[in-house]
Structures are given as C-alpha cells and as structure tokens.
Asks: 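Mind having a look at this structure? Questions to follow.
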Amino acid sequence: MKNFKQIIANKIAEIAELSEQNLITYIEIPKDIKNGDYSFPCFRLAKELKKAPPIIANEIKEKLDEKSNEMPEIEKIEVVGGYLNFFINKDELTKEILQQVTNIETSEKSKVGNGKNIVIDYSSPNIAKPFHIGHLRSTVIGGALYNIYKYLGYNVTGINHLGDYGTQFGKLIEGYKLWGNEYNIEKDPINELTKIYIRINEACKQDEQILENCRNNFKKLEEGDKYCTEIWEKFRSLSLKEFQKVYDLLGSKFDSWNGEAFYSDKMPEIIDILDRTGKLIESQGAKIIDLEDKGINTPCIIEKSNGSTTYATRDLAAILYRARTYDFDKALYLTSYEQTLHFKQVFEVAKLLGIDEKYTKGLEHVSFGMILLPTGKMSTRGGNVIKLEELLNEAITRAKDVIEQKNPELENKEEVAKKVGIGAVIFNDLSASRIKDEVFEWDAILNFQGETGPYLQYTYVRTKSVLEKAEYLPKMEEIDTKKLQDEYSQNIIKLLYNFENTLIQVTEKNEPSILSRYLIELAKAYSSFYNENKIIVEDKDVQNARVYLTYVVGKVLKEGANLLGIEMPEKM
RNA sequence: GGGUCAAUAGCUCAGUUGGAUAGAGCACACGCCUUCUAAGCGUGGGGUCGGGAGUUCGAAUCUCUCUUGGCCCA
C-alpha cells in the first residue's frame with residue numbers, strides 16, 4: 001500500500017532541506033475535500049525562513065511542479081493562503097485502495113503486531129454473584145481489543161481473572177453446610193447462592209460463632225481441606241456454567257480462566273521478594289509498601305493485620321506469573337475507573353519484583369466509565385441489578401418485534417433477531433469513549449435507528465442485496481476506476497484507505513470506539529452513495545465499478561463489525 | 001482534606017499529534033418508496049466548546065487558575 005503522506009513528505013524534505021520525519025507529522029488531512037487530499041501548512045516554517053507563509057507555499061509549489069514527473073501520484077498542487085494543498089490522482093488512489101481491500105485477508109496488516117505478546121485481563125466476574133450489566137463493558141471492550149490486536153498480528157492471550165477467592169467463600173461454604181438442602185443450587189445456582197450469601201451474612205451479624213466458622217472454612221479452603229475444596233469447586237463450576245450462557249450470546253472467548261484462587265499458593269513468593277527489598281514495612285500491624293515518594297500518597301497494603309492477603313498481592317502474583325508464562329510486551333487490565341488507584345499502586349510495587357523493565361512498562365490499566373441506573377449506582381446487595389442475560393434476551397425480543405414489523409417474510413428470524421439484538425447492545429457499549437459513564441436506559445440501548453449496531457448491519461445487508469441482484473462479481477482488473485470519481489464514491493474510497501490506520505489507532509489508545517465511529521462513517525458514506533447512485537444500470541462499465549465498490553464496502557463493514565464482536569446477518 | 005477523571009447543540013456524543021467556516025445521532029419541522037431492503041436518504045432551525053488568564057501566526061485541543069460533577073483514599 002502506498003503511503004501518500006510519506007511520498008509528499010519525502011519531496012518537500014528534498015526541497016526545503018528539512019527532515020522527512022518532522023514533515024510527515026506536519027502534513028494533515030483537510031476536513032473539506034475541496035482543500036485536497038493532503039495539506040501542508042507553511043505557517044510553522046515562516047519564522048525560521050523569515051518569510052510570509054503564502055510566499056513559502058508558492059516557492060515550494062514551484063519547485064515541486066518541476067519535479068512533477070517524479071510524483072505521478074500527485075494530480076495537482078494548490079496554494080490557498082499559507083496552505084499547500086495536494087490532490088492525489090483519483091485514478092491511482094482508487095486502484096490502489098480497491099487492490100488493497102480486495103486482498104484484505106492477506107494484506108501486510110499482520111506485520112504491525114510483529115508477533116508481540118499481549119495479555120488482556122477482561123470480564124473477570126465474581127463467582128456466585130449475578131453477572132450483571134456492570135460486567136458488560138469489560139467483557140465487550142476487552143473482547144474487541146482482543147480481536148483487533150490479533151487481527152494486526154499480535155499474539156494475544158485473553159484471561160478471565162475470575163473473582164473466585166476470598167473470605168466470602170468461607171461464608172458460602174458455611175451457609176451451604178447449614179441449609180444447603182433448602183436451596184436448589186443445581187437448578188438456579190447464582191440466585192440460590194446469592195440467597196444463601198445474604199442469609200449467612202445476617203446470621204454472622206447475630207452469632208459470633210458462625211462468623212468464626214466462616215473464617216475457619218476459608219482457612220481450611222486455603223489449606224486444601226477436601227470437603228471445603230469440593231464445595232468450592234462445585235460453586236465455581238456451577239457459576240461458570242451460568243456465565244457461559246452469556247459468553248455464548250456475546251461470543252466471548254478466553255484462553256485462560258485462571259482466577260484469583262489460582263494465585264493463592266503464589267503469594268508467599270511475592271511477600272518474600274518484597275521483604276528482601278527492604279521496602280516492606282510494618283504499619284498498624286499490616287505489611288505495607290509506602291509510595292509517598294512515587295507521588296502516591298496512599299500506601300499499598302500487601303498483608304492485612306490479620307495475616308490475610310489483599311487484591312494487590314494477588315495482582316502482583318499474577319503479574320509475576322504472566323511475565324514468566326506469557327513474556328508479555330503489554331498487559332492490559334480492563335476494569336472501571338473505580339480501580340484507578342489500585343492499579344497505580346500495584347504497577348508501582350511491581351517495579352520491586354525484580355522483573356525486566358519491559359514487563360513493568362507494559363502494564364496498563366484500560367479503565368472505563370460506569371454503568372449507572374437512572375436511580376443511581378447498582379448494588380448486588382440492594383438487589384437493584386439488571387442481569388446481563390436478561391438484557392440480552394430483551395434485546396433479542398425487541399429485535400424480533402422489529403423484524404415482524406419490517407420484514408415478516410424473513411427466514412431464520414430467530415437467528416437474525418439474535419444477531420441484531422446483541423449487535424445493538426455491543427455497539428451501544430463500544431460507540432462512546434471508554435471513559436464516559438453510561439446511564440442505563442432500555443430505550444437508549446435497544447434503539448435500532450441512527451448510529452447503532454443495526455444501522456451497520458442494515459447497510460451491510462444492503463450491500464449483499466445489491467450483489468445478489470447483480471448476480472455476478474466483476475473482476476478487479478476489469479474495473480474502470482474512472483467511473484468512481486464522483487464525490488460519493490471518492491468519499492468511500494478515502495474511508496477504505498483509512499481502515500488499517502484506524503485499527504492501529506485503536507491499539508495505540510486501547511479505544512475500540514475509534515473503530516465504531518469509523519464503521520458508522522463508512523456506512524453513512526455508502527448509504528449516501530446508494531441513494532444518489534443507481535448501481536444496477538445499463539452502462540456495464542458503470543455497473544461493474546459500482547458493484548465492485550459495493551462488494552469491498554461490505555467486506556470492510558463485516559470485517560470491522562466482527563472485530564467489535566458484532567455478527568452480520570446476510571438479510572434482515 | 002488529598003488524589004484523579006470529566007464538562008462541546010434541548011439530550012447522547014465525535015472532533016486524528018494545535019490549523020482553514022466546531023460536526024454527527026436522537027428529538028423537532030419539512031421533503032423523498034410503480035426501479036438495488038425507508039432499520040434508509042436529503043433539507044432546516046439550534047453553540048459564550050463550563051468561567052477567566054496565558055503560550056502561539058493560529059486554541060474546543062497546550063499551561064495556570066477558578067466553578068460544577070463522578071470516582072478513589074488502610
């Protein structure tokens with residue numbers, strides 16, 4: 001793929017005797033098409049050359065014009081004010097892009113990641129607790145990043161760092177011991193376990209002995225007691241079965257399910273390492289690392305006064321394990337911004353573990369905003385949670401209603417409703433920047449109009465419909481790209497050119513919404529094109545060109561949506 | 001109190017490392033289906049880019065400060 005920016009920078013560098021590296025960062029893409037495909041603002045050269053920007057622009061243009069035979073890609077250069085505007089030869093550009101998109105599966109994209117190792121820690125729900133809409137963002141954003149890194153040739157490991165450890169299991173075991181036969185946890189594990197959990201908490205408040213038993217259970221669990229371990233494993237596997245229903249709906253996949261419990265025997269080593277650095281100090285009976293000199297005025301607690309470990313210790317053990325096991329270049333943690341301080345502390349303490357700088361530099365907390373209910377924050381104890389399964393099923397039901405209304409003759413309504421409903425939910429979560437909070441409202445999430453998942457799907461379905469009508473796909477070599485020089489086609493061409501670059505931007509910022517916005521732009525551009533241009537026409541050259549453009553747009557829309565975790569129906 | 005993130009149209013949000021006249025969707029009004037899916041397309045109204053100061057040829061974007069709100073703090 002030709003890099004037009006590079007070509008322009010290269011030529012200006014020769015003339016202005018400046019470094020190509022600098023110039024390339026100056027070159028920008030004008031918002032308005034009439035200002036060309038690329039633009040070089042000469043203002044910043046004005047000072048050192050001691051000339052007015054328009055004069056500089058004119059001088060560069062003159063010299064560039066002399067070399068025009070060296071740059072067949074450039075059609076013309078215009079000076080507007082202090083700007084030097086470059087117009088790329090449309091024919092050249094169009095051919096280049098169609099070629100690239102045609103071979104999208106085998107393009108050079110895989111070189112970008114260069115086999116670097118990326119570890120993504122996402123979803124990570126708590127065992128025996130409801131899987132609610134608060135877990136959606138981690139699952140969906142993490143999943144999208146997983147797909148995109150992989151697509152760009154990174155070697156990605158997805159980890160579901162389950163919350164399957166902690167004193168609450170001592171309580172659950174006690175509750176199960178006492179009243180296990182009263183609850184049908186096989187049938188409805190999470191709801192029943194939640195009931196037991198609430199009940200045992202009440203009991204603990206009233207009876208100190210029960211609380212003591214709970215503590216003992218957890219201790220026994222840690223020591224590998226057979227009975228406790230068996231019950232714990234039962235809770236874990238029953239919960240996972242429940243979670244799997246949601247993961248199946250969302251299409252989430254993980255390479256590792258090692259949760260907190262997995263690191264339970266790996267924490268003594270962490271404490272030992274930290275101890276030997278001399279930075280692990282006693283404070284109010286707890287073992288802490290002071291981070292004041294690192295600009296973090298809250299110390300990191302490694303071991304509590306009662307001798308139990310903390311989330312921080314477990315995360316440190318995970319870092320050490322992952323560095324050894326996956327040799328990661330980047331390790332991403334997908335959680336809400338509530339945990340910002342926690343990860344700041346952990347990443348700082350990780351520098352004391354004696355691991356290579358590569359690892360500590362690769363740690364990154366990818367934080368996102370919270371999902372709030374119109375009434376405020378969700379809370380499991382308060383009982384005001386919306387379960388993910390419930391949301392997804394509602395989405396499917398609503399999608400089915402729309403299908404009945406718009407296209408009652410459609411085959412596979414169930415399957416399409418699933419893709420559309422889930423697609424709407426996923427896209428809704430990926431369309432705004434991560435950091436934004438989201439107030440949960442059914443009508444907003446399950447809206448199928450405007451900038452939504454179903455809009456992308458609908459546009460894709462239209463491309464398929466056109467291809468079906470055309471009955472054949474012309475060969476790339478037979479396309480007369482001159483037939484694609486209208487404003488609408490060119491708009492699409494330019495967007496297609498940006499596809500790979502968009503994906504790279506996503507990984508640079510760990511921000512899948514950049515891809516979401518891009519796909520909306522592409523779908524809009526195609527919809528305008530579709531409305532303004534008849535595609536199946538008398539003139540076969542025109543038809544071939546437009547059908548082919550339709551084909552590649554469909555291809556990119558589908559590829560892009562799949563990367564976000566959204567499936568495309570062929571009809572809807 | 002300390003730290004941190006945010007504030008752009010009535011609502012939800014874009015705005016690529018500072019660049020040309022700040023853009024979408026929803027909502028509202030109007031127009032477009034005897035021809036490729038109207039879950040669509042087009043037109044229109046609507047802005048003190050939270051306030052102020054600064055840096056710069058140029059600031060929604062960078063710096064400082066203030067205001068409001070979210071989140072975190074053994």
Side-chain angles (χ1 to χ4, degrees), chain A residues 24-32 34-36 39-47 52-53 80-83 85 283-288 295-302 304-305 310 312 336-345 367 369-370 372 377 399 402-403 405-407 409-410 420 424 428 431-433 435-439 441 443-444 447-459 461-470 498 501-502 504-505 508-509 513-514 516-518 520-521 523-524 526-537 543 546-547 550 571-572:
Chain A
I24 204 158
T25 64
Y26 294 171
I27 293 172
E28 58 196 49
I29 297 166
K31 284 176 200 151
D32 197 329
K34 67 172 187 278
N35 288 325
S39 180
F40 178 67
C42 299
F43 306 100
R44 55 188 85 206
L45 300 181
K47 208 167 229 176
V80 179
Y83 288 92
N85 294 336
S283 167
Q284 299 171 33
K287 288 183 183 171
I288 65 161
I296 305 171
N297 54 20
T298 313
C300 184
I301 299 164
I302 300 299
K304 289 192 228 170
S305 51
T310 64
S336 82
Y337 60 60
E338 292 167 293
Q339 298 190 40
T340 301
L341 176 62
H342 167 76
F343 283 108
K344 253 178 121 171
Q345 294 173 324
S367 63
M370 301 190 298
L372 305 163
K377 221 173 144 178
V402 178
I403 292 169
Q405 184 192 320
K406 308 248 180 201
N407 195 357
E409 306 298 312
L410 185 70
V420 173
N428 179 264
S431 57
S433 310
I435 200 67
K436 301 273 182 188
D437 286 335
E438 183 184 333
V439 176
E441 270 165 279
D443 289 342
N447 173 28
F448 298 163
Q449 277 166 9
E451 299 176 342
T452 63
Y455 174 65
L456 294 182
Q457 293 168 321
Y458 182 76
T459 310
V461 165
R462 274 181 155 179
T463 67
K464 296 303 280 187
S465 185
V466 169
L467 294 174
E468 195 177 313
K469 181 94 177 184
N498 287 335
N501 192 34
T502 300
I504 292 170
Q505 278 185 50
E508 279 168 357
K509 295 186 177 169
S513 66
I514 295 170
S516 310
R517 314 264 1 143
Y518 167 85
I520 287 290
E521 287 307 311
K524 271 190 195 169
Y526 183 77
S527 293
S528 297
F529 166 83
Y530 176 95
N531 268 272
E532 296 296 328
N533 294 322
K534 199 90 187 67
I535 297 167
I536 311 296
V537 288
Q543 174 169 323
R546 290 180 179 169
V547 166
T550 297
K571 286 199 162 92
M572 68 190 270

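Convention: sequence-line order gives letters A, B, ...; per-chain numbering from 1. FYI, side chains are in, hydrogens and waters are out, and symmetry mates aren't considered; it's all heavy atoms of this structure.
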Asks: Have a look at A:Met370 and say if it touches a base, only the backbone sugar-phosphate, or nothing, with a 4.0 Å heavy-atom cut-off.
Replies: sugar-phosphate

Asks: Polar pairs (N or O, both sides) under 3.5 Å between protein and nucleotides 22-24 of chain B?
Replies:
| from | atom 1 | to | atom 2 | distance (Å) |
| --- | --- | --- | --- | --- |
| B:A24 | O3' | A:Lys524 | NZ | 3.3 |
| B:A24 | O2' | A:Glu451 | OE2 | 2.1 |
| B:A24 | O2' | A:Lys524 | NZ | 2.2 |

Asks: Take atom P in B:A6 and the same atom in B:U43, then report the distance between them in whole Å.
Replies: 34 Å

Asks: Of all heavy-atom pairs between A:Pro53 and A:Phe43, which one has the smallest distance, and what is that distance?
Replies: CG-CD2, 3.7 Å

Asks: Using the P atoms only, state how far B:U68 lies from B:G19, rounded to an integer number of Å.
Replies: 31 Å

Asks: Any side-chain N or O of A:Lys534 less than 4.0 Å from the OP1 or OP2 oxygen of B:C36?
Replies: no

Asks: B:C33: syn or anti, with syn meaning chi within 90° of zero?
Replies: syn

Asks: Would you mind telling me which of B:A39, B:A74, B:C36 lies closest to the side-chain atoms of A:Ile535?
Replies: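 So the nucleotide nearest the side chain must be B:C36.
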
Asks: Among A:Thr459, A:Asn447, A:Val461, A:Val420, exactly one meets side-chain contact (heavy atoms from CB on, under 4.5 Å) together with A:Pro454. Which residue is that?
Replies: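 With A:Pro454 as partner, side-chain contact (heavy atoms from CB on, under 4.5 Å) holds for just one option, A:Val420.
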
Asks: Donor-acceptor pair under 3.5 Å: do we get one between A:Asn85's side chain and the base of B:A20?
Replies: yes

Asks: When you measure from the side chain of A:Asn407 to the backbone N and O of A:Ile403, does any donor-acceptor pair fall under 3.5 Å?
Replies: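 Not at all, since once roles are kept as given, no pair shorter than 3.5 Å links the two residues.
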
Asks: Does the ring of A:Tyr83 lie flat against the base of B:A20, closer than 5.5 Å centre to centre with planes under 30°?
Replies: yes

Asks: Treating A:Thr502 as the side-chain partner and A:Tyr518 as the backbone partner, does any N or O pair qualify as donor plus acceptor under 3.5 Å?
Replies: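 No; judged by distance alone, with no hydrogens or angles, the pair does not exist.
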
Asks: Touch check for A:Lys571, heavy atoms < 4.0 angstrom, all strands: base, sugar-phosphate only, or nothing?
Replies: base

Asks: Of all the nucleotides listed (B:G3, B:A39, B:C5), which has the minimum atom distance to the side chain of A:Ile435?
Replies: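 Nearest to the side-chain atoms of A:Ile435, counting from C-beta on, is B:C5.
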
Asks: Quantified in whole Å, what is the P atom distance between nucleotide B:G50 and nucleotide B:A60?
Replies: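 So the two P atoms sit 10 Å from each other.
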
Asks: Provide the distance between the two C1' atoms, one in B:C73 and one in B:C13, to the nearest whole Å.
Replies: 31 Å

Asks: Between B:U4 atom C1' and A:Leu341 atom CG, what is the distance in whole Å?
Replies: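 Value for this atom pair: 9 Å.
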
Asks: Hey, which of these two, A:Asn35 or A:Asn501, hits RNA chain B nearer its 5' end, going by closest nucleotide?
Replies: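 Final value for this comparison: A:Asn501.
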
Asks: Closest approach to the side chain of A:Thr25, judged atom by atom: which nucleotide of B:U17, B:C73, B:A74 is it?
Replies: B:U17

Asks: Can you name the residues that form a side chain to side chain donor-acceptor pair (under 3.5 Å) with A:Ser516, not counting sequence neighbours?
Replies: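 In terms of side chain to side chain donor-acceptor pair (under 3.5 Å), with neighbours along the sequence ignored, A:Ser516 is linked to no residue.
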
Asks: Indicate, with a heavy-atom threshold strictly under 4.0 Å, whether A:Asp443 touches base, sugar-phosphate, or nothing.
Replies: nothing

Asks: Taking the side chain as everything from C-beta on, heavy atoms only, tell me whether A:Asn428 gets closer than 4.5 Å to A:Glu438.
Replies: yes

Asks: If you look at every strand shown and take non-hydrogen atoms under 4.0 Å, does A:Ile536 touch a base, only sugar-phosphate, or nothing?
Replies: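 Result for A:Ile536 = base.
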
Asks: Students often get this wrong, so: under 4.0 angstrom with heavy atoms, is A:Asp437 touching a base, only sugar-phosphate, or nothing?
Replies: sugar-phosphate

Asks: Base, sugar-phosphate, or nothing: which does A:Ile403 touch, judged by heavy atoms less than 4.0 Å apart?
Replies: base

Asks: Base of B:A74, side chain of A:Ser305 - is there a donor-acceptor contact under 3.5 Å?
Replies: no

Asks: A:Ala286 near the nucleic acid: base, sugar-phosphate alone, or nothing, with a heavy-atom cut-off under 4.0 Å?
Replies: nothing

Asks: Separation of A:Leu456 atom CG from B:G25 atom P, in whole Å?
Replies: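 The answer, rounded to whole Å, is 14 Å.
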
Asks: Taking atom P in both B:G44 and B:A59, what distance in whole Å separates the two?
Replies: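 About 29 Å, rounded to a whole number of Å.
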
Asks: Between B:G40 atom P and A:Lys406 atom NZ, what is the distance in whole Å?
Replies: 7 Å

Asks: Cation-pi between A:Arg462 and A:Tyr530: NZ/CZ under 6.0 Å from ring centre and within 45° of the ring axis?
Replies: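 Yes - A:Arg462 lies over the ring of A:Tyr530, closer than 6.0 Å to its centre and within 45° of its axis.
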
Asks: If you find the nucleotide of RNA chain B closest to A:Ile24 and the one closest to A:Gln449, which residue's nucleotide is nearer the 5' end?
Replies: A:Ile24

Asks: Contact class for A:Ser528 (heavy atom, under 4.0 Å): base, sugar-phosphate, or nothing?
Replies: sugar-phosphate

Asks: If you look at every strand shown and take non-hydrogen atoms under 4.0 Å, does A:Ser431 touch a base, only sugar-phosphate, or nothing?
Replies: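 Nothing, no nucleic acid heavy atom in range.
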
Asks: Show me the protein contacts with nucleotides 55-58 of chain B, counting only N or O atoms at under 3.5 Å.
Replies:
| from | atom 1 | to | atom 2 | distance (Å) |
| --- | --- | --- | --- | --- |
| B:C57 | OP1 | A:Lys47 | NZ | 3.0 |

Asks: What integer distance in Å separates A:Ile514:CD1 from B:U16:C1'?
Replies: 8 Å

Asks: I'd like to know if the side chain of A:Asp437 reaches the main chain of A:Met370, judged simply by a donor and an acceptor atom lying under 3.5 Å from each other, with no hydrogens or angles considered.
Replies: yes

Asks: Using the test ring-ring contact (aromatic ring centres under 6.0 Å, His included), find all partners of A:Phe343 that sit at least two apart in sequence or belong to another chain.
Replies: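 Here the qualifying residues are A:Tyr333, A:Phe347, A:His365.
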
Asks: Could you work out the separation of B:G47 and B:A7 based on their C1' atoms and round it to a whole Å?
Replies: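 Going atom to atom, C1' in each nucleotide, I get 15 Å.
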
Asks: Are side-chain heavy atoms of A:Tyr455 and A:Ser527 found at a separation under 4.5 Å?
Replies: yes

Asks: If I take atom CG in residue A:Leu410 and atom C1' in nucleotide B:A39, what distance separates them, rounded to the nearest angstrom?
Replies: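 It works out to 13 Å between those atoms.
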
Asks: Please tell me if the side chains of A:Arg517 and A:Glu451 come closer than 4.5 Å, counting only heavy atoms from C-beta onward.
Replies: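 Yes; the side chains approach each other to less than 4.5 Å.
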
Asks: Under a cut-off of 3.5 Å for both distances of each Watson-Crick or G-U pair, what dot-bracket string does RNA chain B give, using [ ] for crossing pairs and | for inter-strand pairs?
Replies: (((((((..((((.....[...)))).(((((.......))))).....(((((..]....)))))))))))).

Asks: Test your reading of the model: is there a side-chain donor-acceptor pair from A:Ser283 to the backbone of A:Ala286, 3.5 Å cut-off?
Replies: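 Pair absent, no side-chain N/O of A:Ser283 close to backbone of A:Ala286.
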
Asks: Sub-3.5 Å donor-acceptor pair from the side chain of A:Gln543 to the main-chain atoms of A:Ile536, do we have one?
Replies: no

Asks: Using a 4.0 Å heavy-atom cut-off, does A:Tyr455 contact any base of the nucleic acid, only the sugar-phosphate backbone, or nothing at all?
Replies: sugar-phosphate

Asks: Can you check the A:Glu532 CD to B:U35 C1' distance for me, whole Å?
Replies: 16 Å

Asks: On the side chain of A:Lys34, is there an atom forming a donor-acceptor pair with the base of B:U21 - under 3.5 Å, no angle test?
Replies: yes

Asks: The criterion is side chain to side chain donor-acceptor pair (under 3.5 Å); which residues satisfy it with A:Thr340, sequence neighbours excluded?
Replies: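 A:Thr340: no side chain to side chain donor-acceptor pair (under 3.5 Å) contacts found.
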
Asks: Give A:Val439 one of three labels, base, sugar-phosphate or nothing, depending on what nucleic acid heavy atoms sit under 4.0 Å from its own.
Replies: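 The answer is nothing, as A:Val439 stays clear of every strand by at least 4.0 Å.
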
Asks: Closest heavy-atom contact between A:Tyr26 and A:Pro41?
Replies: O-CD, 3.5 Å

Asks: Write down the distance separating the P atoms in B:C62 and B:C5, rounded off to the nearest Å.
Replies: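 The answer is 12 Å between these two P atoms.
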
Asks: From the list B:A38, B:A39, B:A20, which nucleotide is the closest neighbour of the side chain of A:Pro30?
Replies: B:A20

Asks: Considering only side-chain heavy atoms of A:Lys509, which listed nucleotide, B:U4, B:U17, B:C36, is closest?
Replies: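 Ranking B:U4, B:U17, B:C36 by closest atom to the A:Lys509 side chain puts B:U17 first.
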
Asks: Remember a base hit wins even if backbone is also touched, and classify A:Glu338 as base, sugar-phosphate or nothing at under 4.0 Å, heavy atoms.
Replies: sugar-phosphate

Asks: Any side-chain N or O of A:Lys436 below 4.0 angstrom from OP1/OP2 of B:A7?
Replies: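 Affirmative; the distance criterion is met.
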
Asks: To the nearest angstrom, how far is A:Asn531 atom CG from B:A38 atom P?
Replies: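 After rounding, the gap between these two atoms is 8 Å.
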
